**Student:** 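One structure, as structure tokens, below. Some questions next.
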Amino acid sequence: MTVQSILLIIFPLLMAFAACSDLLTMRISNGLVVLVIASFLLLAFVAGLPFPTIGIHFAAGALVLAVTFGMFAMGWIGGGDAKLVAAIAIWMGFELLLPYLLYAAVFGGVLTLLLLVGRRYALPGPLLKASWLVRLHHPKTGVPYGIALALAAMLVYPQTFAYERLVTNPTVQQTLLDGLRDF
């Protein structure tokens with residue numbers, strides 16, 4: 001597997017980890033956020049993204065962080081969510097920021113409604129053994145919004161410069177085809 005192939009799947013893997021982590025622990029670690037940002041930088045350099053464009057992507061992340069920090073300060077979202085959405089915004093840049101945020105809002109709204117409805121009913125006995133599920137079911141527990149953020153990111157990811165640059169690379173295409181044949 002080439003470096004480009006690894007870079008192609010790193011973002012989806014990090015998003016899957018973020019969603020699972022938030023679901024199971026109601027926490028998104030700073031280390032994960034750093035990996036999302038570092039993998040963007042690595043990919044930007046490998047893909048040959050110009051420095052001004054990298055700066056614009058970081059400006060998108062900084063803007064989102066400023067807004068989400070205010071939302072965190074008001075108690076509307078968790079700190080991990082605020083940092084994760086800003087790190088994802090770096091990947092999206094200003095070009096894809098609005099579609100990403102709209103999808104995240106819709107997925108977050110659906111997730112919240114599902115949790116509110118689900119919390120009205122008692123958990124079946126066998127599910128009471130799963131501590132993460134009991135915690136998620138509790139009415140005072142927040143919403144693992146990282147799930148919505150990650151799903152939205154995965155929906156928009158194929159439109160990013162990173163995906164386009166890597167998928168249009170013939171070496172990456174051949175490596176992916178070889179990997180599918182071996183699967």
Side-chain angles (χ1 to χ4, degrees), residues 9-41 43 57-160 162-163:
I9 63 169
I10 190 97
F11 186 72
L13 290 175
L14 290 171
M15 292 301 99
F17 186 80
C20 291
S21 174
D22 206 14
L23 175 65
L24 298 175
T25 67
M26 294 296 292
R27 192 170 175 276
I28 297 169
S29 74
N30 288 337
L32 175 62
V33 172
V34 168
L35 280 174
V36 172
I37 295 168
S39 62
F40 170 82
L41 276 174
L43 183 127
H57 278 257
F58 271 88
L63 175 65
V64 169
L65 184 61
V67 171
T68 58
F69 183 78
M71 294 169 76
F72 167 71
M74 303 273 260
W76 297 345
I77 63 172
D81 297 330
K83 292 178 277 190
L84 180 63
V85 71
I88 293 170
I90 293 171
W91 276 82
M92 300 297 139
F94 285 113
E95 313 83 46
L96 298 172
L97 190 55
L98 184 58
Y100 166 69
L101 293 174
L102 288 174
Y103 284 128
V106 170
F107 292 154
V110 169
L111 178 63
T112 301
L113 286 174
L114 289 173
L115 281 174
L116 289 174
V117 169
R119 288 173 179 168
R120 298 174 97 191
Y121 301 97
L123 281 175
L127 297 181
L128 293 172
K129 294 177 183 171
S131 60
W132 67 270
L133 195 51
V134 171
R135 181 178 49 249
L136 184 64
H137 189 264
H138 194 277
K140 299 243 183 214
T141 301
V143 175
Y145 211 81
I147 297 168
L149 298 175
L151 284 174
M154 290 309 306
L155 190 62
V156 179
Y157 177 61
Q159 300 168 46
T160 64
Y163 186 88

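Note that the numbering runs from 1 along the sequence shown for the chain. Everything numeric in this text was worked out from a predicted model, so none of it was measured.
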**Student:** Walk me through whether V85 and L101 qualify under side chain to side chain contact (heavy atoms under 4.5 Å, CB included).
**Tutor:** CA-CA 9 Å; V85 71; L101 293 174; 4.0 Å; yes

**Student:** So, taking the atom named NZ in K129 and the one named CG in L123, what distance separates them when rounded to the nearest 0.5 Å?
**Tutor:**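 CG of L123 is found 13.5 Å from NZ of K129.
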
**Student:** Please report the shortest heavy-atom distance between R119 and T141, naming the atom on each side.
**Tutor:**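 For R119 versus T141, the nearest heavy atoms are NH1-O, 3.0 Å.
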
**Student:** To the nearest 0.5 angstrom, please state how far the CG atom of L96 sits from the OH atom of Y157.
**Tutor:**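 Reported value, rounded in 0.5 Å steps: 12.5 Å.
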
**Student:** Do F17 and L32 pass the side chain to side chain contact (heavy atoms under 4.5 Å, CB included) test, and can you show the C-alpha distance, the side-chain angles, and the key distance before you say yes or no?
**Tutor:** CA-CA 8 Å; F17 186 80; L32 175 62; 3.8 Å; yes

**Student:** Tell me whether R135 contacts the main-chain N or O of A130 through its side chain, where contact means a donor paired with an acceptor under 3.5 Å.
**Tutor:**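 Such a contact is absent between R135 side chain and A130 backbone.
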
**Student:** For A82 and L65, work out which heavy atoms get closest and say how close.
**Tutor:**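 In this case the closest contact between A82 and L65 is O-CD1, 4.1 Å.
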
**Student:** Using side chain to side chain contact (heavy atoms under 4.5 Å, CB included) as the criterion, list what pairs up with L114, not counting sequence neighbours.
**Tutor:**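 Listed in chain order: V110.
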
**Student:** Taking only residues two or more places apart in sequence, or in another chain, which ones meet L23 in a side chain to side chain contact (heavy atoms under 4.5 Å, CB included)?
**Tutor:**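 Residues passing side chain to side chain contact (heavy atoms under 4.5 Å, CB included) with L23: W132, L136, I147.
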
**Student:** Shortest non-hydrogen contact from L111 to P144?
**Tutor:**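 L111 and P144 have their closest heavy atoms at CD2-O, 3.4 Å.
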
**Student:** Shortest non-hydrogen contact from A104 to L149?
**Tutor:**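 Closest heavy-atom pair between A104 and L149: CB-CD2, 4.0 Å.
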
**Student:** For L41, which residues count as a side chain to side chain contact (heavy atoms under 4.5 Å, CB included) partner, sequence neighbours excluded?
**Tutor:**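 Partners of L41 by the side chain to side chain contact (heavy atoms under 4.5 Å, CB included) criterion, ordered by chain and then number, come out as F45, I54, F58.
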
**Student:** Can you list everything that forms a side chain to side chain contact (heavy atoms under 4.5 Å, CB included) with P158? Sequence neighbours excluded, please.
**Tutor:**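 With sequence neighbours excluded, P158 shows a side chain to side chain contact (heavy atoms under 4.5 Å, CB included) to Y163, given in chain and number order.
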
**Student:** Please check if the side chain of H137 supplies one atom and the backbone of A122 the other of a donor-acceptor pair under 3.5 Å.
**Tutor:**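 Flag not set: sc H137 to bb A122 has no pair under 3.5 Å.
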
**Student:** What residue pairs, at least two apart or across chains, pass ring pair (Phe, Tyr, Trp, His ring centres under 6.0 Å) with a residue in residues 86-125?
**Tutor:**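 Checked against ring pair (Phe, Tyr, Trp, His ring centres under 6.0 Å) - neighbours excluded - the pairs reaching residues 86-125 are F11-W91, F40-W91.
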
**Student:** Of the non-hydrogen atoms in A148 and G108, which two are nearest, and what is the gap between them?
**Tutor:**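 Heavy-atom minimum between the residues: CB-N, 3.4 Å.
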
**Student:** Can you pull the side chain to side chain donor-acceptor pair (under 3.5 Å) pairs that have at least one residue in residues 9-36, sequence neighbours excluded?
**Tutor:**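 Checked against side chain to side chain donor-acceptor pair (under 3.5 Å) - neighbours excluded - the pairs reaching residues 9-36 are N30-K83.
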
**Student:** What pairs meet the side chain to side chain donor-acceptor pair (under 3.5 Å) rule with one or both residues in residues 59-81, with sequence neighbours excluded?
**Tutor:**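 Matches after skipping sequence neighbours: none remain.
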
**Student:** Where do G146 and L84 come nearest, in terms of heavy atoms and distance?
**Tutor:**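 For G146 versus L84, the nearest heavy atoms are CA-CD2, 4.4 Å.
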
**Student:** For V36, which of L14, I28, I10 qualifies under side-chain contact (heavy atoms from CB on, under 4.5 Å)?
**Tutor:**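 Passing option: L14.
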
